[in-house]
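Quick notes on the structure that follows.
Residue numbers start from 1 in every chain, and the chains themselves are labelled A, B, ... in the order their sequence lines are given, proteins ahead of strands.
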There are 2 protein chains.
Amino acid sequence: MVTIKDIAKATGVSPSTVSRVIADNSRISEETKAKVRKAMEDLGYFPNLTARNLAVKSTKTIGVILPSSADKSLQNPFFSEILRGIGSVTHKLQYSMMLSSGQTEEEIYAEVQRIVLGSYVDGIILLYSRLNDRVTQFLVEKDFPFVIVGKPQEVNDRTTYVDNDNIQAGEDITSHLIETGHNRIAFIGGAKDLVVTIDRMQGYTNALKKADIPILEEYLIHTEFLKSGGKEAVEKILRLPERPDAVVVSDDLISIGVIGMLEESGLSVPEDISLVSFNNAYLSEIIHPALTTIDIQIYKLGVESAKAIIEKKIGIDDPKRIIIPHYIIYRDSVKRKS
Amino acid sequence: MVTIKDIAKATGVSPSTVSRVIADNSRISEETKAKVRKAMEDLGYFPNLTARNLAVKSTKTIGVILPSSADKSLQNPFFSEILRGIGSVTHKLQYSMMLSSGQTEEEIYAEVQRIVLGSYVDGIILLYSRLNDRVTQFLVEKDFPFVIVGKPQEVNDRTTYVDNDNIQAGEDITSHLIETGHNRIAFIGGAKDLVVTIDRMQGYTNALKKADIPILEEYLIHTEFLKSGGKEAVEKILRLPERPDAVVVSDDLISIGVIGMLEESGLSVPEDISLVSFNNAYLSEIIHPALTTIDIQIYKLGVESAKAIIEKKIGIDDPKRIIIPHYIIYRDSVKRKS
DNA sequence: CTGTTAGCGCATTCAA
DNA sequence: TTGAATGCGCTAACAG
């Protein structure tokens with residue numbers, strides 16, 4: 001390996017001078033800069049990141065923590081997309097991106113501890129938000145810079161997060177259904193302890209209330225990424241005396257399952273029942289019918305979260321709430337009834 | 001920050017002794033070990049990874065390179081899944097996982113150069129394989145340990161890779177169609193310059209030949225993750241005098257699009273036309289009809305690739321071909337006709 | 001079984 | 001504008 005010393009020797013300057021031209025220090029003459037740079041080129045020099053990190057006490061890498069593998073949500077294209085968003089800014093800003101996962105919550109905790117206490121990252125992005133999360137607590141305790149993608153359960157205004165306004169989004173998309181003449185609207189969500197599900201359902205009920213449509217308990221169905229239990233649940237809903245004429249589904253992936261189940265039950269979307277959804281995953285465009293869905297700008301969620309920890313040094317002192325705008329993508333899963 | 005010196009001082013031993021108990025060196029008495037460990041506990045000591053890395057000249061982290069963001073394939077759940085697989089072994093073996101991406105091929109190249117030349121990673125996993133890839137060439141030149149997931153275009157037996165036997169898989173699934181009584185079988189693939197597509201189509205033609213079924217040019221259709229051009233292409237195929245009674249689709253995601261398009265054309269799967277697919281993404285189970293598809297064990301692809309660079313120190317001297325077995329998942333998208 | 005010394009490769013303070 | 005010296009935190013001979 002060719003080090004700073006080698007090129008110093010070759011150029012006849014001191015190592016510190018070389019170090020300075022690497023940093024493009026203004027107090028170095030252009031001619032020595034040129035001379036040194038040529039030597040670097042010739043000898044094939046490349047700065048050792050580890051050594052630099054040790055010297056400057058910063059790694060210019062941020063850790064990205066995935067939910068535990070047990071979490072089914074990991075199958076969601078959401079993650080590829082947000083990783084792309086994060087990667088785009090880490091790359092541009094010359095940062096690296098360290099990915100951490102684990103089978104269990106325990107493993108993840110150990111992992112985070114390792115990279116944080118081991119000074120292996122300068123900041124952390126949490127790609128999940130769980131209630132009473134040890135990781136979050138640890139980060140807060142250590143006063144370590146981190147940002148959560150999604151809304152933290154306990155908004156203790158000591159944590160920065162980037163999220164959509166899912167309540168508003170839920171209301172918007174439900175209102176669209178109402179405006180197009182639907183009034184028996186069901187809601188199908190994922191795990192009911194996820195904040196995102198709760199928020200979207202909240203928006204759903206808000207819209208119903210504003211339109212003076214009664215909220216029926218039997219129209220609220222939760223399903224863990226369906227297929228098994230989901231099927232019967234949907235069948236049940238469809239056998240109600242007042243069968244829904246529309247359904248709000250909290251995730252595109254679930255929508256695909258729902259459409260499949262409806263078809264099995266002999267119902268087609270949107271002729272027999274309209275459907276709206278969230279996320280605007282690639283799939284929502286491809287499936288038949290193409291989904292009318294809320295684009296939550298996943299990529300941007302990633303971008304903003306990365307910017308948050310990198311550009312502004314997140315600290316307990318200046319927590320931020322970054323809300324990414326959403327908008328409705330109108331496609332073919334809603335039938336105008338009036 | 002509490003360092004090795006601090007706890008040395010506190011315990012009255014030398015820094016090297018402390019270092020040794022960290023490494024659990026056998027030549028340190030149990031009592032000093034205990035004493036030192038207690039001090040570490042009390043003072044909240046945690047080894048600085050960067051410093052250690054510099055000293056031992058190894059980072060215990062492996063770089064994972066995603067295809068350029070331009071690549072549509074990034075939307076594929078494939079990546080989350082393989083990342084999970086890789087992560088499971090890096091985690092278990094106490095390694096870290098550095099994720100690199102970039103908008104363009106150029107960016108990726110710069111990134112790889114940075115982490116390799118900067119000694120930031122001990123090995124590289126390439127999550128793509130492109131023809132005449134600068135990155136691959138660079139890695140080979142530098143004699144840097146790396147492994148490719150998927151089959152390298154030019155199998156120069158100097159590179160280690162982990163892949164499925166996609167030719168065999170293509171033949172297997174096509175044969176299943178033939179055995180169930182189909183004989184007008186079309187093939188729908190993604191970009192035709194992807195090795196995986198080529199291999200699967202090869203298997204498809206192999207199966208046809210073995211069954212003495214003629215291979216029709218007009219039954220071969222390629223589509224870049226359809227919707228736009230894909231629709232008409234499928235419609236065209238359906239209008240042929242000899243309409244196919246089955247179709248082999250090279251990716252679950254594409255299958256979803258295909259099913260959608262068939263429906264739009266008034267055809268249903270598997271009643272009017274059978275469909276088989278590849279990957280066994282989560283979706284293939286959820287959609288209606290549930291897909292008969294090849295499980296390529298994505299997770300395992302990740303696991304094996306990680307094991308390859310970590311456990312055995314990959315080198316030019318011992319390239320390996322690791323083939324992950326595949327198997328057919330029988331579900332509801334194929335109609336038995338005989 | 002443990003301490004001393006040196007060094008990993010780079011950045012930075014202090015002089016000059 | 002440049003050089004010498006020191007240190008980042010840890011590991012690894014080499015002694016003892």
Side-chain angles (χ1 to χ4, degrees), chain A residues 1-40 43-61 94 96 114-122, chain B residues 1-40 43-61 94 96 114-122:
Chain A
M1 158 171 282
V2 30
T3 78
I4 228 172
K5 277 183 191 165
D6 297 320
I7 99 104
K9 209 161 294 176
T11 340
V13 300
S14 78
S16 42
T17 300
V18 177
S19 176
R20 287 187 183 107
V21 346
I22 292 173
D24 201 16
N25 189 309
S26 56
R27 307 179 305 192
I28 299 287
S29 73
E30 282 305 323
E31 58 178 339
T32 47
K33 271 189 186 174
K35 187 173 58 178
V36 168
R37 282 183 181 135
K38 179 164 186 331
M40 299 199 304
L43 303 190
Y45 169 79
F46 208 91
N48 182 302
L49 267 14
T50 306
R52 181 209 299 259
N53 288 347
L54 181 59
V56 301
K57 287 175 161 306
S58 151
T59 59
K60 294 199 63 162
T61 108
Q94 300 260 52
S96 302
R114 194 179 71 94
I115 62 179
V116 168
L117 264 15
S119 306
Y120 216 32
V121 292
D122 289 350
Chain B
M1 160 171 280
V2 30
T3 79
I4 227 172
K5 278 183 190 164
D6 297 320
I7 99 105
K9 208 160 296 175
T11 340
V13 301
S14 78
S16 46
T17 299
V18 177
S19 175
R20 287 188 183 105
V21 346
I22 292 175
D24 201 16
N25 190 310
S26 56
R27 308 179 304 191
I28 298 287
S29 73
E30 282 306 323
E31 56 179 339
T32 46
K33 271 189 187 175
K35 187 173 55 178
V36 168
R37 283 184 180 133
K38 178 164 188 328
M40 298 200 304
L43 302 191
Y45 169 79
F46 208 92
N48 181 303
L49 267 14
T50 306
R52 181 209 300 258
N53 288 347
L54 181 60
V56 301
K57 287 176 160 307
S58 150
T59 58
K60 294 197 66 161
T61 108
Q94 301 260 52
S96 302
R114 194 179 71 92
I115 62 178
V116 167
L117 264 15
S119 305
Y120 215 33
V121 293
D122 289 351

> Quick one: I22(B) CD1 to dT2(C) P, roughly how many Å, whole number?
Replying inline: 15 Å
> What pair of heavy atoms forms the shortest contact from R20(A) to R27(A), and how long is it?
Replying inline: NE-NH2, 4.3 Å
> Any side-chain N or O of S119(A) under 4.0 Å from OP1/OP2 of dG9(D)?
Replying inline: no
>> In whole Å, I'd like the distance from the CG atom of D6(A) to the C1' atom of dG9(C).
In response: 10 Å
> Taking OP1 and OP2 of dT2(D), is either one under 4.0 Å from a side-chain nitrogen or oxygen of S29(A)?
Replying inline: yes
>> Just to be sure I understand the rule, does T32(A) reach a base, reach only the sugar-phosphate, or reach nothing, if contact means heavy atoms closer than 4.0 Å?
In response: sugar-phosphate
>> Could you check whether any side-chain heavy atom of T17(B) comes within less than 4.5 Å of a side-chain heavy atom of I28(B), counting everything from C-beta outward?
In response: yes
> So, does the side chain of R20(A) form a donor-acceptor pair with the base of dT13(C) at under 3.5 Å?
Replying inline: yes
>> Between the base of dT4(C) and the side chain of S16(B), is one N or O donor paired with an acceptor at under 3.5 angstrom?
In response: yes
>> For G44(A) versus V2(A), what's the shortest heavy-atom pair and its separation?
In response: O-CG1, 3.4 Å
> R52(A) side chain N/O closer than 4.0 Å to the phosphate oxygens (OP1, OP2) of dA11(C)?
Replying inline: yes
> Any sub-3.5 Å donor-acceptor pair from K33(B)'s side-chain atoms to N25(B)'s backbone N or O?
Replying inline: yes
> Between atom NZ in K60(A) and atom P in dC10(C), what is the gap in whole Å?
Replying inline: 16 Å
>> Within the 4.0 Å heavy-atom criterion, would you say S19(A) contacts the bases, only the backbone, or no part of the nucleic acid?
In response: base
> Is the distance from OP1 or OP2 of dG3(D) to the nearest side-chain N or O of S14(A) less than 4.0 Å?
Replying inline: yes
> Closest approach of N48(A) and T50(A), non-hydrogen atoms and distance?
Replying inline: OD1-N, 2.8 Å
> For P15(A), which contact category applies under a 4.0 Å heavy-atom criterion: base, sugar-phosphate, or nothing?
Replying inline: nothing
>> Counting neighbours of NZ on K9(B) that are heavy atoms of other residues, nucleotides or ligands and sit closer than 6.0 Å, is the number greater than 12?
In response: no
> When you measure from the side chain of T59(A) to the backbone N and O of N53(A), does any donor-acceptor pair fall under 3.5 Å?
Replying inline: no
> Nearest to the side chain of A55(A) - dT12(C), dT11(D), dG9(C)?
Replying inline: dG9(C)
>> If you only use heavy atoms from C-beta on, which nucleotide in dG9(D), dC10(C), dA12(D) is closest to the side chain of A51(A)?
In response: dC10(C)
>> Heavy atoms from C-beta onward define the side chain here; which of dT11(D), dG3(C), dG9(D) lies closest to that of M1(B)?
In response: dG9(D)
>> Heavy atoms only, 4.0 Å cut-off, all strands: where does V18(B) land among base, sugar-phosphate and nothing?
In response: nothing
> Whole Å only: how far is the NZ atom of K9(B) from the P atom of dG9(D)?
Replying inline: 12 Å
> Touch check for G12(B), heavy atoms < 4.0 angstrom, all strands: base, sugar-phosphate only, or nothing?
Replying inline: sugar-phosphate
> Within less than 4.0 Å of OP1 or OP2 of dT2(C), is there a side-chain N or O belonging to T17(B)?
Replying inline: no
>> Rounded to whole Å, please give me the gap between CD in E30(A) and C1' in dT2(D).
In response: 15 Å
> Atom CG of N53(B) to atom P of dC10(D): distance rounded to whole Å?
Replying inline: 12 Å
> Of the candidate nucleotides dT2(C), dG9(D), dT2(D), which contains the atom at the shortest distance from the side chain of R27(B)?
Replying inline: dT2(C)
> Atom NZ of K33(A) and atom C1' of dT2(D): how far apart are they, to the nearest Å?
Replying inline: 13 Å
> Taking CG from N25(B) and P from dT2(C), how many angstroms apart are they, rounded to a whole number?
Replying inline: 10 Å
>> Go nucleotide by nucleotide along DNA chain C from the 5' end; which of I28(B) and F46(A) gets its closest nucleotide reached first?
In response: I28(B)
> If you pin V56(A) and L54(B) to their nearest nucleotides in DNA chain C, which one's is more 5'?
Replying inline: L54(B)
> Counting only side-chain N and O atoms of Y120(B), is one of them less than 4.0 Å from OP1 or OP2 of dG9(C)?
Replying inline: no
> In terms of side-chain heavy atoms of K57(B), which of dG9(C), dC1(C), dG3(D) is nearest?
Replying inline: dG9(C)
